[in-house]
Amino acid sequence: MLEGKGRDVLVVGQTPPPYHGQAVVTEMLFSHEWEKVSVECLRMSYSDTIDGVGRASFRKIFHLFYLIFATWRIAWKHQPSVLYYLPASANKLPVMRDVIYLLCVKWLFKKKVYHYHAGGLPEYLEEAGLLGKVAKWVYSGADVSMEICQTECPPAIAFKAKKQVLIPNGLDVNVLPGNKIEGLVNVLFVGALNEGKGVFEALKAVNRLAGEKPDLNFKMSFAGVWASADFEQRCRSYVDAEKLGNVVFLGMLKGDEKWQAYADADVFFFPSHYQSENF
């Protein structure tokens, strides 16, 4: 489907920063060495930090129009036949951004591939009133709906795509030897440090386990970037108040630092109830 001559595909998506799942996946697409197709990449940069995701600003409005004009320029200069786009998460402002962008550019391409990394978009649009109806029409009719897991309401069905492709989300992992400490259970959380990812639930679980199993020697490590200063303060205050000395916040880890944290861990704990979770 994607083979051809000249500049075949335009890939549009957010790459880090900020570091989150969809941005990391998009970076993999941008850096991939394509063999059978000629690919042009257009980077979104609406947000530079996690706490800026989903928030409105004049800079984002200007960036939206920059992306539209950049897409027009690429379409007229290189005439790619395929638009490969990673749609928004299930939130009002990102969906409005998608609607405006796709209305302005999708007609320039013979084929559209929408890669749904974030989950919950069809369900969100069902409850989003007029915006939901418009967005469903804008997302509809893609040639390929690429999804990372099977859901009860798949985008391919909700948005009437011509073809659904399921590709389980995965990364190339540099397998490293673990550094295990005798008698210590090392528990690891990796993800954005926000309410929806279950960070506070994890802290309460640590507190409960410490109370019920006082003889258990364990450490709970959180790897990720705080979504907001307020949530960070709430979590750190809870840790201090409950005297959870076995909780460690590692900050953002990437590359071998992240894989080493996985290798060192005995348990991966991820009690996420995030609205756009897909796993």
Worksheet item: Is there a donor-acceptor contact under 3.5 Å from the side chain of Glu126 to the main chain of Gly129?
Response: no
More than 12 non-hydrogen atoms from neighbouring residues, nucleotides or ligands closer than 6.0 Å to CE on Met96, yes or no? no
OH of Tyr116 to SG of Cys149, rounded to nearest 0.5 Å, is 14.0 Å
Check your understanding: Quick one: does Val185's side chain get under 4.5 Å of Leu216's, heavy atoms only?
Key -> yes
Practice task
Would you tell me whether Tyr46 and Ser57 have side-chain atoms, one donor and one acceptor, within less than 3.5 Å of each other?
Solution key: no
- Message: For Glu147 and Gln164, which I'm curious about, is there any donor-acceptor pair between the side chains at under 3.5 Å?
- Response: yes
Q) Under a 4.5 Å side-chain heavy-atom rule over Ile, Leu, Val, Met, Phe, Trp and Tyr, are Leu253 and Phe249 clustered together? A) no
Following the transitive rule for hydrophobic clusters with a side-chain heavy-atom cut-off under 4.5 Å over Ile, Leu, Val, Met, Phe, Trp and Tyr, establish whether Val165 and Leu86 coincide in one cluster. yes
Using side-chain heavy atoms (C-beta onward) and a distance below 4.5 Å, is Val190 in contact with Phe222? no
Correct closest heavy-atom pair for Ala223 and Leu193 would be O-CD2, 4.5 Å
**Asked** Heavy-atom count around Phe30 CZ within 6.0 Å, excluding the residue itself: above 12?
**Response** yes
Notebook entry, point to check: Quick one: do Phe270 and Phe200 end up in the same hydrophobic cluster if we chain Ile, Leu, Val, Met, Phe, Trp and Tyr together by side-chain heavy atoms under 4.5 Å apart?
Noted result: yes
One should read off an interatomic distance between Phe109 CZ and Thr71 OG1, to the nearest 0.5 angstrom, of 6.0 Å
Decide yes or no for His115 and Val25: does some side-chain heavy atom of the first lie under 4.5 Å from some side-chain heavy atom of the second?
yes
Q) Does Glu152 CD have over 12 foreign heavy atoms under 6.0 Å away? A) no
Between His273 and the options Glu201, Glu195, Lys197, the side chain to side chain donor-acceptor pair (under 3.5 Å) test singles out Glu201
Here the gap from Leu166 atom CG to Ser145 atom OG, rounded to the nearest 0.5 Å, amounts to 8.5 Å
Phe62 meets the side chain to side chain contact (heavy atoms under 4.5 Å, CB included) criterion, sequence neighbours left out, with Phe58
Between Pro154 and Ile157, is any pair of side-chain heavy atoms under 4.5 Å apart? yes
Across all chains, not counting sequence neighbours, the side chain to side chain contact (heavy atoms under 4.5 Å, CB included) partners of Lys162 are Asp143
*asked:* Under a 3.5 Å distance rule, please check whether Thr26 uses its side chain to pair with a backbone N or O of Thr15 as donor and acceptor.
replied: no
CG (Leu67) and CZ (Arg97) are apart, to the nearest 0.5 Å, by 9.0 Å
Inset, instruction - May I ask you to check whether Phe269 and Phe189 place their ring centers less than 6.0 Å from one another? - result: no
Hydrophobic clusters here meaning ILVMFWY residues chained together by side-chain heavy-atom distances under 4.5 Å, can you tell me if Leu176 and Val267 are in one? yes
Fill in: Within one Ile-Leu-Val-Met-Phe-Trp-Tyr cluster: Leu250 and Tyr238, side-chain cutoff 4.5 Å
no
Ignoring hydrogens and angles, tell me if any N or O in the side chain of Asn194 forms a donor-acceptor pair with the backbone of Gly196 under 3.5 Å.
yes
The complete set of salt bridge (Lys or Arg N to Asp or Glu O under 4.0 Å) pairs with one or both residues in residues 252-271, sequence neighbours excluded, reads Lys180-Asp266
Within-4.5 Å side-chain heavy-atom neighbours: Ile68 and Ile100: yes
### Query
Side-chain donor-acceptor pair under 3.5 Å between Asp230 and Ser228, yes or no?
no
**Message:** Could you check whether any side-chain heavy atom of Asn186 comes within less than 4.5 Å of a side-chain heavy atom of Ser221, counting everything from C-beta outward?
**Reply:** yes
Taking the side chain as C-beta and beyond, is there a heavy-atom pair between Val248 and Lys219 under 4.5 Å? yes
Here the gap from Leu108 atom CG to Leu83 atom CG, rounded to the nearest 0.5 Å, amounts to 9.0 Å
Report task. Would you tell me whether Tyr85 and Asp98 have side-chain atoms, one donor and one acceptor, within less than 3.5 Å of each other? Result -> yes
- Task: Find out whether Pro80 and Ile74 are in side-chain contact, i.e. whether some heavy atom of one side chain is under 4.5 Å from a heavy atom of the other.
- Result: yes
Heavy-atom closest pair (Ala70 atom, Leu42 atom, distance to 0.1 Å) is CB-CD1, 3.9 Å
ask   = Hey, does the side chain of Glu277 reach the backbone of Gly120 with a donor-acceptor pair shorter than 3.5 angstrom?
value = no
Distance col, row Arg43:CZ vs Glu27:CD, nearest 0.5 angstrom, shows 9.0 Å
TODO: Kindly determine whether Ile148 and Ile167 satisfy side chain to side chain contact (heavy atoms under 4.5 Å, CB included), including the steps that lead there.
DONE: CA-CA 5 Å; Ile148 66 174; Ile167 301 180; 5.9 Å; no
I'd like to know if the side chain of Tyr124 reaches the main chain of Lys92, judged simply by a donor and an acceptor atom lying under 3.5 Å from each other, with no hydrogens or angles considered. yes
**Prompt:** Can you check side chain to side chain contact (heavy atoms under 4.5 Å, CB included) on Leu10 and Val82, steps first, answer last?
**Reply:** CA-CA 6 Å; Leu10 173 62; Val82 178; over 6 Å; no
Across all chains, not counting sequence neighbours, the side chain to side chain contact (heavy atoms under 4.5 Å, CB included) partners of Glu232 are Trp226, Arg236
Under a side-chain separation threshold of 4.5 Å, the hydrophobic residues clustered together with Ile181 are Leu184
Is it the case that the ring center of Tyr114 lies less than 6.0 angstrom away from the ring center of Phe159? no
Smallest heavy-atom separation, Lys36 atom then Asp8 atom, equals O-OD2, 4.5 Å
One pair to check against side chain to side chain contact (heavy atoms under 4.5 Å, CB included): Phe218 and Asn246. What are the steps and the verdict? CA-CA 7 Å; Phe218 73 99; Asn246 55 348; 3.2 Å; yes
For this session: Would you check if the side chain of His63 reaches a backbone N or O of Ser45 as a donor-acceptor pair within less than 3.5 Å?
Result: yes
Ignoring hydrogens and angles, tell me if any N or O in the side chain of Lys106 forms a donor-acceptor pair with the backbone of Val138 under 3.5 Å. yes
(message) Surrounding CZ of Phe268 (heavy atoms of other residues, nucleotides or ligands, distance under 6.0 Å), is the total greater than 12?
(response) yes
Sequence neighbours excluded, the answer for side chain to side chain donor-acceptor pair (under 3.5 Å) partners of Tyr274 is none
Leu29 and Tyr84 have their tightest heavy-atom pair at CD1-CE2, 3.6 Å
